[in-house]
Trainee: 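A single structure is presented below for examination.
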Amino acid sequence: MKKSKLLFLVISILSYNIGSSQIDLSVYDDIESVTVTSYWGDINVIGTEASADRVFTMEVVHTDSENNAVRLDQIEGYVDLSVENKQLYIETRTPEGFESIDLNLKIPAHLFLDLKLIKGGNIYADNLKNGVEINILNGSVKIERIGKYALVNAANGEISAEFENIDSDKPVSLVTMNGGITVSLPGNIKRDVRMISRKNGYIQSDFPLASGDKISLNTKQYSKTPIIHTARINGGGALLFLSTENGPLSIKKS
Amino acid sequence: MKEELFEKDIMDFVDGKAKDISNEEAALIGHDLKQIVYDLKSMPLEKVPTTTDKSINDFIKGIPQQKQSILRLNKWWPVMVAAASFALLILVFNQGNSLQDDYQILASNPDKLNFIYKLNEKELNGSDIAWLNSELKKENNPNIKVTIVDLLNNYQSKLDNDFIRQLEDESTPSVQMALLNTLEEIQYEDLNNDLWAFTERKNLDNMVKSKASSILSKSTN
Amino acid sequence: MTDELLLQKIIRGETQVLGVLYKRYSTLLFNYFYRVTKDYNASNDLLMETFARIHKYRHSYKPSRKVRPWIFQIGSNLLKDHLKKISKTISIHESDVQQIGVQPDRYSEISDRQRRTQQAMARLKLSERNIVTQYYLLEMSYEAIAETENITVNNARIKVCRALKKLKALLKDIKT
């Protein structure tokens with residue numbers, strides 16, 4: 001039996017003791033990142049501090065084609081767990097008919113998070129200090145209290161991102177096709193900003209944007225023509241890349 | 001060929017490189033063209049709007065000044081500069097570092113994205129663009145891909161079939177859309193065939209399909 | 001101070017000196033953009049973008065080159081990209097032709113012949129108007145035009161010649 005499968009069996013047994021709705025992942029104490037791949041369903045990830053009661057857990061909710069939602073005690077066959085090179089891989093099964101699998105994760109806040117939602121659902125992540133990379137097809141992305149950096153790519157859905165303790169030399173890239181982008185940054189942040197909104201966009205900014213372009217700010221009037229600008233916040237620094245085909249761009253001071 | 005020589009003679013005369021043209025017909029044309037150029041050159045120039053002056057001044061003020069390096073120019077300075085340049089040349093020659101070499105040592109996605117974005121500050125040549133096209137094909141991360149396309153958008157006149165064909169292999173909607181936006185501006189002759197095939201793909205995002213179709217309908221009108 | 005020394009200062013970080021380069025070249029560049037596009041707003045945007053790019057690409061400037069053609073090349077490349085975007089939509093109506101290229105309050109300053117020449121310019125294709133304006137206004141060499149347009153030097157000379165010949169033919173049609 002593969003090591004990961006054995007561990008999974010142990011976890012399944014242990015989880016019964018913790019509480020039937022939560023899978024205990026604390027056995028994975030020597031990992032640096034969590035990579036989640038899912039098809040349909042919401043993914044919620046909360047970063048927990050070491051002092052927390054339960055630092056590393058997962059809750060899985062399966063909804064079938066009849067819209068019956070069940071918290072799973074046993075995840076085998078629905079969600080696969082494996083470890084390789086200090087990365088924990090969490091992967092939901094390929095959907096059978098219409099079904100969705102929601103994942104509610106609590107992970108140590110220092111872990112790096114890599115999320116891929118192949119079909120649809122909403123993503124929420126909070127208090128992750130070592131950065132996130134998110135790739136989603138259909139659905140919105142909301143991330144809060146994120147540190148280090150973030151790369152978020154969506155197709156149909158808005159992106160809302162709030163950062164604290166972001167690395168001054170790491171980029172933030174928020175790209176979507178259909179939806180607005182809102183980003184909140186600390187007031188003393190220094191960034192080179194690349195802003196692209198091709199349709200129905202406007203730019204709202206709490207920061208003065210220094211640019212060679214004329215930028216109409218805070219008008220809240222949807223422009224029918226592309227808005228494409230490069231500017232600087234507080235003299236400039238690492239990249240803040242905001243791009244949408246359809247929707248406004250908001251840069252807020254947190 | 002004859003006509004080209006004829007035109008060269010005319011322009012040599014218009015440019016003042018030749019005082020006369022032996023060919024009578026060319027001479028007549030040359031005099032007329034010289035007058036036209038004279039009339040054009042003597043047209044009064046428009047003033048730049050003061051709002052534009054102000055915008056540029058604001059932009060310049062917004063650029064952070066760097067401290068001047070303390071260079072003590074002395075009689076040995078040219079020698080020092082030459083020696084340093086030579087040493088640097090040897091170092092560069094021995095290292096042979098291209099952009100590609102520098103990029104390949106980067107392990108993380110944020111570092112790669114930073115590197116690509118900073119290339120906006122450089123003037124890229126043909127081999128840089130070819131390399132970027134190949135990276136675009138190999139890269140998995142869509143945020144990096146979109147940044148590469150945004151960079152390549154500055155070199156539209158240098159993009160070739162390698163760039164058009166990126167659409168064939170691309171499955172991420174936001175990257176497909178970025179490619180289409182650039183391809184729309186380039187207006188390649190052969191684009192239509194590739195776009196037709198692209199719009200026939202199964203599971204194509206509606207917004208992407210609509211964009212591709214709109215490019216096609218503009219080009220056939 | 002020469003343009004080349006100014007640019008060296010900019011490269012070393014004395015970015016305020018960009019204002020001096022702007023004063024020297026803004027009028028010519030603005031008129032180049034305006035005489036080709038006939039669009040005041042677009043010309044403003046192109047002018048600002050040119051100087052933004054001069055700053056952005058300052059490190060790519062090769063000291064062996066003269067600054068003036070380098071700046072004009074940046075402007076020409078920007079205009080080229082702009083023309084590609086608008087080439088399918090732009091159209092010039094006869095009523096525009098009368099006054100294109102000259103603001104109404106300046107109209108009396110030019111001679112009839114100059115006025116007709118401007119009207120004939122308006123009837124050239126965008127690409128022809130661009131190349132002629134590079135030639136007579138920016139005084140770009142055939143080598144510089146060739147590099148910008150991605151053609152041979154010989155071709156650049158021929159294109160300028162043929163555009164001027166076309167102007168000559170158009171002038172015959174325009175009534176005094």
Side-chain angles (χ1 to χ4, degrees), chain A residues 112 114 116 118-119 131-138 148-157 159 166-167 169-179 190 192 194 196 198-199 208-215 226 228 230-246, chain B residues 49 51-52 54-66 106 108-121 139-151 153-154 171-182 184-185 203-211 214:
Chain A
F112 165 74
D114 186 346
K116 192 170 179 183
I118 295 170
K119 292 291 183 187
V132 301
E133 289 184 23
I134 294 171
N135 197 353
I136 175 175
L137 186 61
N138 295 309
K148 204 156 197 177
Y149 78 98
L151 306 183
V152 178
N153 176 72
N156 294 300
I159 300 174
I166 196 168
D167 274 14
D169 62 343
K170 294 276 186 284
V172 169
S173 171
L174 310 174
V175 173
T176 183
M177 271 202 331
N178 208 3
K190 291 175 193 279
D192 277 11
R194 177 84 175 137
I196 301 172
R198 294 199 186 265
K199 207 168 52 168
L209 299 175
S211 174
D213 306 340
K214 275 184 296 188
I215 305 178
I228 301 176
T230 306
R232 284 186 171 148
I233 293 175
N234 291 331
L239 175 63
L240 171 63
F241 189 98
L242 309 175
S243 172
T244 179
E245 288 303 306
N246 189 22
Chain B
T51 47
T52 309
K54 189 182 179 305
S55 296
I56 294 278
N57 283 330
D58 288 343
F59 163 70
I60 291 170
K61 278 180 196 163
I63 303 170
Q65 284 260 64
Q66 288 171 15
L106 300 173
S108 74
N109 285 335
D111 287 343
K112 283 158 75 178
L113 199 152
N114 265 342
F115 185 96
I116 296 292
Y117 187 71
K118 282 206 180 336
L119 293 180
N120 279 291
E121 295 171 12
E139 179 57 55
N140 287 324
N141 182 278
N143 296 80
I144 296 173
K145 284 184 159 200
V146 166
T147 311
I148 294 175
V149 176
D150 191 44
L151 171 63
N153 199 42
N154 296 324
S171 57
T172 306
S174 58
V175 183
Q176 289 171 335
M177 188 61 92
L179 289 167
L180 285 170
N181 281 321
T182 299
E184 183 178 29
E185 291 180 19
N203 302 321
L204 197 59
D205 179 89
N206 284 337
M207 205 166 160
V208 172
K209 189 168 186 168
S210 171
K211 178 75 179 183
S214 116

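Here is the naming used below: chain letters follow the sequence lines, and residue numbers restart at 1 for every chain. Note: hydrogens, waters and symmetry copies are ignored here, and every other heavy atom, side chains too, is used.
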Trainee: Taking only residues two or more places apart in sequence or in another chain, which ones pass side chain to side chain donor-acceptor pair (under 3.5 Å) with B:Lys211?
Mentor: B:Asn181, B:Glu184

Trainee: Contact part of A:Ala154 toward chain B, heavy-atom cut-off under 4.5 Å: side chain, backbone, both or neither?
Mentor: backbone

Trainee: Counting only heavy atoms closer than 4.5 Å, note whether A:Asn135 contacts chain B via side chain, backbone, both or neither.
Mentor: side chain

Trainee: Where on B:Asp58 is there a heavy atom nearer than 4.5 Å to chain A: the side chain, the backbone, both, or neither?
Mentor: neither

Trainee: May I ask you to decide if A:Ala238's main-chain N or O and B:Asn114's side chain share a donor-acceptor pair within less than 3.5 Å?
Mentor: no

Trainee: Flag the one option from B:Gly62, B:Ala178, B:Pro142 with the top tally of heavy-atom pairs under 4.5 Å to chain A.
Mentor: B:Pro142

Trainee: Could you tell me whether the side chains of B:Asp205 and B:Gln176 share a donor-acceptor contact shorter than 3.5 Å?
Mentor: no

Trainee: Please classify the contact of B:Asn141 with chain A as side chain, backbone, both or neither, using a heavy-atom distance under 4.5 Å.
Mentor: side chain

Trainee: Could you check whether any side-chain heavy atom of A:Glu133 comes within less than 4.5 Å of a side-chain heavy atom of B:Pro110, counting everything from C-beta outward?
Mentor: yes

Trainee: Please confirm whether the backbone N or O of A:Leu151 pairs with a side-chain atom of A:Ser173, one donor and one acceptor, at under 3.5 Å?
Mentor: no

Trainee: Based on non-hydrogen pairs under 4.5 Å, which of B:Asp150, B:Val146, B:Asn109 is most in contact with chain A?
Mentor: B:Asp150

Trainee: Any sub-3.5 Å donor-acceptor pair from B:Ser55's side-chain atoms to B:Thr51's backbone N or O?
Mentor: yes

Trainee: What part of A:Val172 lies closer than 4.5 angstrom to a heavy atom of chain B: side chain, backbone, both or neither?
Mentor: neither

Trainee: Look at A:Lys148, A:Arg232, A:Arg194 and state which one has the largest set of heavy-atom pairs under 4.5 Å with chain B.
Mentor: A:Arg194

Trainee: Check whether any side-chain N or O of A:Thr176 sits under 3.5 Å from a backbone N or O of A:Gly157 as a donor-acceptor pair, and report yes or no.
Mentor: yes

Trainee: Report which part of A:Thr244 has an atom under 4.5 Å of a heavy atom belonging to chain B: side chain, backbone, both, or neither.
Mentor: neither

Trainee: Looking at chain B, which one of A:Ala155, A:Pro171, A:Ala210 has the largest number of heavy-atom pairs inside 4.5 Å, strictly under?
Mentor: A:Pro171

Trainee: Between A:Asp192, A:Leu174, A:Leu239, A:Asn156, who has the most heavy-atom pairs with chain B when the cutoff is under 4.5 Å?
Mentor: A:Leu239

Trainee: Please list, chain by chain and in numerical order, all residues satisfying side chain to side chain donor-acceptor pair (under 3.5 Å) with A:Lys170, sequence neighbours excluded.
Mentor: none

Trainee: With a 4.5 Å cut-off on side-chain heavy atoms, are A:Arg198 and A:Ile228 touching?
Mentor: yes

Trainee: Among the options A:Pro208, A:Pro226, A:Ser211, A:Gly235, pick out the one with the most heavy-atom pairs lying under 4.5 Å from chain B.
Mentor: A:Ser211

Trainee: Under a 4.5 Å heavy-atom cut-off, does chain A meet the side chain of B:Thr172, its backbone, both or neither?
Mentor: side chain

